[in-house]
Amino acid sequence: MASRINTNFTLIPNQKLRRSNRQTSCYSKTLGSGFQPISTFGNFKALPLEIFQIILKYLSVKDISMLSMVSKTVSQHIINYISTSSGSKRLLLQDFHNLELPDRRQDSAILEHYRSLGLLFKRCTLLLPTKERLKYIHKILTEVSCFKFNGCAAPMQCLGLTCYGMFLQTLTAGWDELECHRVYNFLCELTNLCRKMQMAVCSKPGSARKLELRIRLFCRNVLLDHWTHRSDSAFWLTRILKPWPMVNQARLLYIIFGPISPQDGQVVWQEMIEEPTDEFSLKGLADAIKLLYDASTKEWTADDVISLVDELSVVPREWLLENNARLLMLSGNNICFSFMASKAVNGRTIELARLVVFLALVCEKELYCMDWTVKMMQKVCKVFSTPVERKNFLQNVANAFACVIMEMLQSIMSGDRDEDDRSFLNLFHLVHAQANFHKEVLYLTMNTPLST
């Protein structure tokens with residue numbers, strides 16, 4: 001017999017829901033009509049704003065930065081605190097000229113402070129569009145005169161721009177290229193940087209020394225020197241150089257990375273054309289060239305960089321070939337070979353042969369292995385398409401050694417000698433360079449290692 005189904009069941013879930021609602025209603029009445037859900041401000045909601053700001057005074061910048069991520073409300077209160085006179089006075093340290101502590105410890109402390117401050121601003125303004133973030137940050141930082149392009153009367157003894165650069169590097173780290181473009185454009189508009197660069201590159205070299213110094217300090221300390229990844233440095237250097245034609249790019253590169261006077265920090269324009277210089281004076285230029293050559297970007301091709309090096313070697317006038325050779329060696333094998341190969345392809349074999357002579361001279365002076373020069377010459381020989389061209393090039397190298405030696409000897413015999421006999425010493429090095437160069441060629445020809 002089929003069992004009967006009982007249809008008189010109770011909707012228990014609905015009853016439980018109604019009972020739960022009644023309990024909640026009663027609980028709310030017990031707490032009183034003033035009961036509200038917990039605010040995003042958390043337990044700080046019970047604190048007057050003045051007390052909250054007093055608490056912030058006892059926190060480090062790093063701690064305030066962490067606190068700003070608690071909620072949007074907390075972050076807004078911290079932004080308001082930064083905007084107060086007491087907050088800005090505490091956070092915007094301006095002790096940029098106090099160099100009393102030994103070992104630059106104070107320098108390190110204030111730089112670390114602005115690194116932490118950059119992180120604080122990065123977190124506090126996280127939800128704002130880039131344009132609004134930059135406007136707010138500029139409004140706060142405008143109180144610091146040493147952050148301005150012409151704000152400090154003693155820029156060589158000031159850490160202001162360096163701290164500003166550390167702040168910006170921390171703020172923009174991880175931003176995409178479009179946002180960083182906006183940052184650069186904002187800074188250019190703020191400082192009128194492009195107009196100042198135009199004045200510097202269109203003037204006679206050295207006629208606007210103070211402006212050149214300001215451009216160098218701003219570009220190096222604010223935009224270039226704080227990045228740990230080479231790709232970031234290449235991005236900002238590209239922003240500085242790319243808007244200009246090649247001749248102006250070379251001038252700017254020299255202003256920003258060229259040799260400077262140890263007394264006043266101003267750019268020394270005559271050093272490359274008057275006498276042989278040292279590696280220290282060329283290192284900045286060589287590092288910048290390598291940065292652009294190695295940059296994984298379509299904005300710089302190998303030909304672009306080689307053309308820039310070629311243009312640089314006549315700023316402000318044609319360099320001594322020894323200085324040009326030293327720059328190529330510091331720039332690395334790839335750049336040096338590409339530069340020499342470009343001359344070979346364009347039929348400039350006499351220039352190329354003289355360059356080989358001065359590469360050998362630099363190797364002799366700096367005690368580098370002479371086989372590097374010989375192997376570089378051997379590699380360049382392969383660029384020539386016919387045996388006749390290769391033979392002609394090698395003949396030019398031999399002739400170039402003889403010509404350069406005779407030029408130096410004639411200069412000495414005519415009485416054109418320095419007080420410290422540098423001309424005679426240079427000739428001495430060149431004769432030894434020629435002997436060691438030909439020795440390496442003989443070893444290479446006879447297939448005999450140098451050690452045997």
Would you say Arg317 has more than 12 foreign heavy atoms packed within less than 6.0 Å of its CZ? no
Could you check Thr373 against Phe437 for side chain to side chain contact (heavy atoms under 4.5 Å, CB included), going step by step and ending with a plain yes or no? CA-CA 8 Å; Thr373 305; Phe437 178 85; 3.9 Å; yes
Evaluate the side-chain proximity of Pro316 to Arg251: yes if any heavy-atom separation is below 4.5 Å, no if none is. no
Could you tell me whether the side chain of Pro205 reaches within less than 4.5 Å of the side chain of Val315, counting heavy atoms only? no
Test item: Cys336 and Met340 side chains (from C-beta on) under 4.5 Å apart, heavy atoms: yes
Atom CG of Asn323 and atom CG of Leu328: how far apart are they, to the nearest 0.5 Å? 11.0 Å
Charged N-O contact under 4.0 Å between Lys290 and Asp294: no
Mind checking the CD-SG spacing from Glu440 to Cys369? Nearest 0.5 Å is all I need. 8.0 Å
Here's a test for you: under side chain to side chain contact (heavy atoms under 4.5 Å, CB included), which of Thr73, Val74, Ile79 qualifies with His77? Thr73
Gly265 and Leu213: which non-hydrogen atoms are nearest, and at how many Å? O-CD1, 3.3 Å
Is there side-chain contact between Phe358 and Leu430, with at least one heavy-atom pair below 4.5 Å? no
Tell me if a side-chain donor or acceptor on Asn346 pairs with a main-chain N or O of Ser342 at a distance below 3.5 Å. yes
For Ile82 and Ser88, what are the C-alpha separation, side-chain angles and deciding distance, and is it a side chain to side chain contact (heavy atoms under 4.5 Å, CB included)? CA-CA 5 Å; Ile82 295 172; Ser88 62; 5.7 Å; no
Pairs in or reaching into residues 355-368: which pass salt bridge (Lys or Arg N to Asp or Glu O under 4.0 Å), with residues at least two apart or in two chains? Glu322-Lys365, Arg326-Glu366
Smallest heavy-atom separation, Ile255 atom then Ala200 atom, equals CD1-CB, 4.1 Å
Would you name the heavy atoms of Met408 and Asn426 that are closest together and state the gap between them? CE-ND2, 3.5 Å
State, with a plain yes or no, whether a side-chain heavy atom of Trp236 is found less than 4.5 Å away from one of Trp227. yes
Mark yes or no for whether Asp304, through its side chain, and Thr301, through its backbone, hold a donor-acceptor pair below 3.5 Å. yes
Between Leu352 and Ala344, what is the shortest heavy-atom contact and its length? CD2-CB, 3.9 Å
Do Asp176 and Glu179 make a side-chain contact, defined as non-hydrogen atoms from C-beta onward lying under 4.5 Å apart? yes
Which residues pass the side chain to side chain donor-acceptor pair (under 3.5 Å) test with Gln263, sequence neighbours left out? Ser261
Distance-only, no hydrogens or angles: does the His113 side chain make a donor-acceptor pair with backbone N or O of Leu91 under 3.5 Å? yes
Might you work through the side chain to side chain contact (heavy atoms under 4.5 Å, CB included) test for Val383 and Phe337, ending with a clear yes or no? CA-CA 10 Å; Val383 175; Phe337 170 73; 3.9 Å; yes
Student check: side-chain heavy atoms of Leu168 and Ile137 closer than 4.5 Å: no
Given side-chain hydrogen bond (donor to acceptor under 3.5 Å, both in side chains), test Asp63 with Ser60 step by step and report yes or no. CA-CA 5 Å; Asp63 291 336; Ser60 68; 3.1 Å; yes
I'd like to check the ring pair (Phe, Tyr, Trp, His ring centres under 6.0 Å) partners of Trp269; sequence neighbours left out, ordered by chain and number. Tyr254
Rounded to the nearest 0.5 Å, the CD atom of Glu299 sits from the OG1 atom of Thr238 at a distance of 5.5 Å
Counting only heavy atoms not in Met66, do more than 12 fall under 6.0 Å of its CE? no
In terms of heavy-atom contacts, His97 and Cys146 come closest through CE1-SG, 3.6 Å
Which heavy atom of Leu211 sits nearest to which heavy atom of Met199, and what is that distance? CD2-CB, 3.9 Å
Would you be so kind as to tabulate the donor-acceptor pairs closer than 3.5 Å made by side chains of residues 180-194, with sequence neighbours excluded?
unit_1	atom_1	unit_2	atom_2	d
Asn185	ND2	His181	O	3.3
Thr191	OG1	Leu187	O	2.8
Thr191	OG1	Leu193	N	3.3

Considering only residues two or more places apart or on different chains, which pairs with a residue in residues 122-137 satisfy salt bridge (Lys or Arg N to Asp or Glu O under 4.0 Å)? none
With rounding to the nearest 0.5 angstrom, report the CG to OG distance, Leu282 to Ser331. 8.5 Å
Could I get the full list of side chain to side chain contact (heavy atoms under 4.5 Å, CB included) partners for Lys148, not counting sequence neighbours? Thr142
Distance-only, no hydrogens or angles: does the Ser307 side chain make a donor-acceptor pair with backbone N or O of Asp303 under 3.5 Å? yes
Pairs satisfying ring pair (Phe, Tyr, Trp, His ring centres under 6.0 Å), at least one member in residues 119-152, at least two apart: Phe96-Phe147, Tyr114-Phe147, Phe121-Phe167, Phe147-Tyr164, Phe149-Phe218
Under the side chain to side chain contact (heavy atoms under 4.5 Å, CB included) test, which residues partner Ser145, sequence neighbours left out? none
Determine which pairs satisfy side-chain hydrogen bond (donor to acceptor under 3.5 Å, both in side chains) with at least one residue from residues 274-285, sequence neighbours left out, and list them in order. Glu271-Thr277, Glu271-Ser281, Glu275-Arg422, Thr277-Ser281, Asp278-Ser281, Glu279-Tyr368, Lys283-Asp287
Quick check: does any side chain N or O of His226 sit under 3.5 Å from a backbone N or O of Thr162, one acting as donor and the other as acceptor? yes
If you round to the nearest 0.5 Å, how far is CD1 of Ile256 from CD1 of Ile240? 4.5 Å
So, the side chain of Lys343 versus the backbone of Glu351: is there a donor-acceptor pair under 3.5 Å, distance only? no
Do any pairs count as a salt bridge (Lys or Arg N to Asp or Glu O under 4.0 Å) and have a residue in residues 193-210, sequence neighbours left out, and if so which ones? none
Sequence neighbours excluded, which residues qualify as side chain to side chain contact (heavy atoms under 4.5 Å, CB included) partners of Asp225? Arg220, Asn221
Pairwise side-chain contact, Leu312 with Leu327, heavy-atom cut-off 4.5 Å (strictly under): yes
Hey, mind stepping through Gln157 and Cys152 against side chain to side chain contact (heavy atoms under 4.5 Å, CB included) and telling me if it holds? CA-CA 9 Å; Gln157 291 77 41; Cys152 183; over 6 Å; no
Interatomic distance, Leu171 atom CG to Leu119 atom CG [nearest 0.5 angstrom]: 9.5 Å
For Phe339, run the side chain to side chain contact (heavy atoms under 4.5 Å, CB included) check against Val305, Ile289, Asp310 and tell me which one passes. Asp310
Only counting residues at least two apart or in another chain, list the ones meeting side chain to side chain contact (heavy atoms under 4.5 Å, CB included) with Gln53. Leu49, Tyr81, Thr84
